[in-house]
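Atoms considered below: every heavy atom in the structure, side chains included; atoms not considered: hydrogens, waters and symmetry mates. All of these numbers come straight from a predicted model, not from anything done at the bench.
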Amino acid sequence: MSFLDLSKTQMYDFQYNYIRKKYNHKAKLLATDTKSITYAIETEDVYKDFCSDKDKFDSSEYPEDSI
C-alpha cells in the first residue's frame with residue numbers, strides 16, 4: 001500500500017468514524033488534499049470540541065498553553 005493510499009484510508013476513517021458520528025448533518029466537507037481536510041461545522045464552540053479530542057488534530061503550531 002502506498003503512502004497516498006494510507007493517507008486516503010486515514011482521511012476516510014476520520015470523516016466517517018469521527019466527523020460524521022460527532023456532527024452528522026452539521027458538518028459539511030469542503031475540500032481535501034493529501035494532508036488536510038476542510039470542513040464547515042455547525043457547533044457552539046468547535047475549539048472546545050476539538051480540545052476534547054485533541055489527539056485527532058495537528059496542533060503543533062499552536063502555543064502549548066492554548067490546548
Sequence-distant partners of D45, side chain to side chain donor-acceptor pair (under 3.5 Å), two or more places apart
none
Heavy-atom pair of closest approach, residues K22 and D53
NZ-OD2, 3.2 Å
Any idea which heavy atoms bring D33 and M11 closest together, and the distance?
O-CE, 3.1 Å
Taken in chain and number order and not counting sequence neighbours, the residues that satisfy side chain to side chain donor-acceptor pair (under 3.5 Å) with Y23 are D49
Partners passing side chain to side chain donor-acceptor pair (under 3.5 Å) against N24 (at least two apart in sequence or in another chain)
none
Drop me the distance from L30's CG to I37's CD1, to the nearest 0.5 angstrom.
11.0 Å
Measure the acute angle between the ring planes of F57 and F14, then classify it against the limits of 30° and 60° as parallel, tilted or perpendicular.
perpendicular
Under the rule for side-chain contact (heavy atoms from CB on, under 4.5 Å), what residues qualify as partners of D58, not counting sequence neighbours?
S60
For the backbone of D5 and the side chain of T9, can you confirm whether one donor and one acceptor N or O come within less than 3.5 Å of each other?
yes
Name all residues meeting the side chain to side chain donor-acceptor pair (under 3.5 Å) criterion together with S52; count only those two or more places apart in sequence or in a different chain, and write none if there are none.
none
Using links of under 4.5 Å between side-chain heavy atoms of ILVMFWY residues, direct or through other members, which residues join Y12 in one cluster?
Y16
Looking at side-chain heavy atoms only, is the closest gap between V46 and Y39 below 4.5 Å?
no
Between CD on residue E42 and NZ on residue K28, distance to nearest 0.5 Å
10.5 Å
Between A27 and I19, the two heavy atoms sitting closest are CB-CG2, 3.6 Å
NZ (K8) with more than 12 external heavy atoms under 6.0 Å
no
